[in-house]
Amino acid sequence: MVPDVESNLVTTPVRTRFAPSPTGLPHVGNIRTALFAWLFARHHGGSFIVRIEDTDVARKVEGAVDAILGSLRWLGLDWDEGPEVGGKYGPYFQSQRLDLYHRAAERLVRQGNAYYCYCSPQRLDEMRKEQTRRKMPPGYDRLCRNLSEAERRQKEAEGITPVVRFKTPLIGQTRFKDFIWGNVVFENNLLDDLVLLKSDGYPTYHLANIVDDHEMEITHVIRAEEWLSSTPRHVLLYDAMGYAPPRFAHLPMILGPDRSKLSKRHGAVSVAEYREQGFLPEAMLNFLALLGWSLDDKTELFTREELIKSFSLERVSKTGAIFNIEKLKWMNGVYIRGLTADEFAWRSIPFLERDLPPDVARPLPVEYVREVMPLVQERVKTLLEVTPLTRYFFAENLDYDANLLISKGMDGESTVRALEMSQKRLTELKTFDAGVLEALLRPLAEELGLKTGQLFGTLRTAVTGETATPPLFQTMAVLGRERCLTRIQEAIDRLKRSS
Ligand code: GLU
């Protein structure tokens, strides 16, 4: 039966899956696919399954499964069945389900829907070259499709391990409906006899995928657009196996700003890199959800619950979605500003501990970090930006040019005088908070015959080594009297040395 895309009615319990191949770090496209499948399942109160498609032995990458699961976990995309959690349709690694695929392939051969092919890699290679030379469409020439029993026995006797190929119908059309692409029609004569079982005993993606989607009772296959052209083959396979196909939704491509497919050229593509660059998972989730889906073309900010509530495949577009890093940064800034001060401090600590110079003692004093962080929370778009902006709160030694201490219209001598006077007055203070500092330093400028900007500029450089910082009095208050006094003394020494 052809599923009806127009109908929004979902009657059976929804089961979606994310079926990554562990061939490398998961990139934003993979995780966007996972997110949409997860949102659809959660929206309908269904189940979200993770299945590892690890049948391509040559392309398997050590550690990729952990990286994939780690990215899902980071974004809070929890799975009801799959690695680590198990489930009644397991195992959830295809490499542990080989028997099922063998049985399916044998059944297809027995039924006359598939056949053994003994062609050598060399022959296939020559065939391909010949096809290119003659500008013919590529594809297996079906040499083994009609081998007689005697010919087959002969090949077996030669000790050749065959592959199993699907007997694609030579005429007719294959049709299916896609939630996003509508009615899709493929001419069967454009599809070749694809391999189902390889000579190493592993199934191809196509066979394993349809067997598992059936066995795991997947109701909605939500995956990247690149698989759209594989779907007619899958539909034919479902048909040959006598299985009802699931419903399909092929998600639009993710493009770089130049509208070509998003790739390394455009910068970071793996989700882990965004994490390391200080993006918050809630911002990333929000941003990824808008890559191809929208609620109303204007709402940009969604909590996880709002996404679950409003997500629908009907609102997924066909056009490629542009990955706009500026928008992600903006969104991340919004989420950072929305964190409580405490939460912001907690999230910043791993970045500070990773990026501060090695001589800063770890673990960092949490109470102190809590005091520092509100000074920069409004100013950063990523957690990565926190360390350079707060370095001087943690580092013992500041490294700056003595000339920076000398404000416009001043010289070395008047600067030393201003610093010494400030030092003296600061020592006498009973309390050391921003209000008290302001009440002390504004009149002091006047007393010294300086503009406030001149005195404050000098002090700022002295206590931070920087010319731009959060408000001076708050900064000094957080640094504390001891540090400020030591640094002012160092500044005086520095000026004296350089004169
Ligand atoms: N293993 C395929 C991939 O990594 C899955 C495609 C599908 O969802 O069917 O993209």
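Numbering of ligands and ligand atoms starts at 1, following listing order.
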- Query: Does a donor on one side chain sit under 3.5 Å from an acceptor on the other, for Asp258 and Ser260?
  - Reply: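 Present: a donor and an acceptor within the cut-off.
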- Query: With no hydrogens and no angle check, do the side chains of Asn146 and Tyr115 hold a donor and an acceptor under 3.5 Å apart?
  - Reply: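 Judged by distance alone, the side chains do not pair up.
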- Message: Tell me if the aromatic rings of Trp293 and Phe302 count as close, with their centers under 6.0 Å from one another.
- Response: yes
- Query: What do you reckon, are the aromatic ring centroids of His234 and Tyr243 less than 6.0 Å apart?
  - Reply: no
- atom 2 (C) of ligand 1 sits nearest the protein heavy atom Ala19 O, 3.4 Å
- Message: Under 4.0 Å from a heavy atom of Ser21: which atoms of ligand 1 are those, numbered in the order shown and with their elements?
- Response: 1 (N), 2 (C), 3 (C), 4 (O)
- Could you tell me which atoms of ligand 1, counted from 1 in the order shown, lie closer than 4.0 angstrom to a heavy atom of Glu53?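 Answer for ligand 1: 1 (N), 2 (C), 5 (C).
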- Message: Can you tell me if Arg17 contacts ligand 1 (heavy atom of the residue under 4.0 Å from the ligand)?
- Response: yes
- Item | Under-4.0 Å heavy-atom contact with ligand 1, by part of Asn209 that carries it |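 Asn209 to ligand 1: side-chain contact only, backbone stays beyond 4.0 Å.
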- Note on the structure: Closest to atom 9 (O) of ligand 1 (heavy atoms only, candidates Phe18, Tyr205, Phe248) is Tyr205
- What orientation do Phe248 and Phe176 show, parallel under 30°, tilted 30 to 60°, or perpendicular over 60°?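 Perpendicular, since the angle between the ring planes exceeds 60°.
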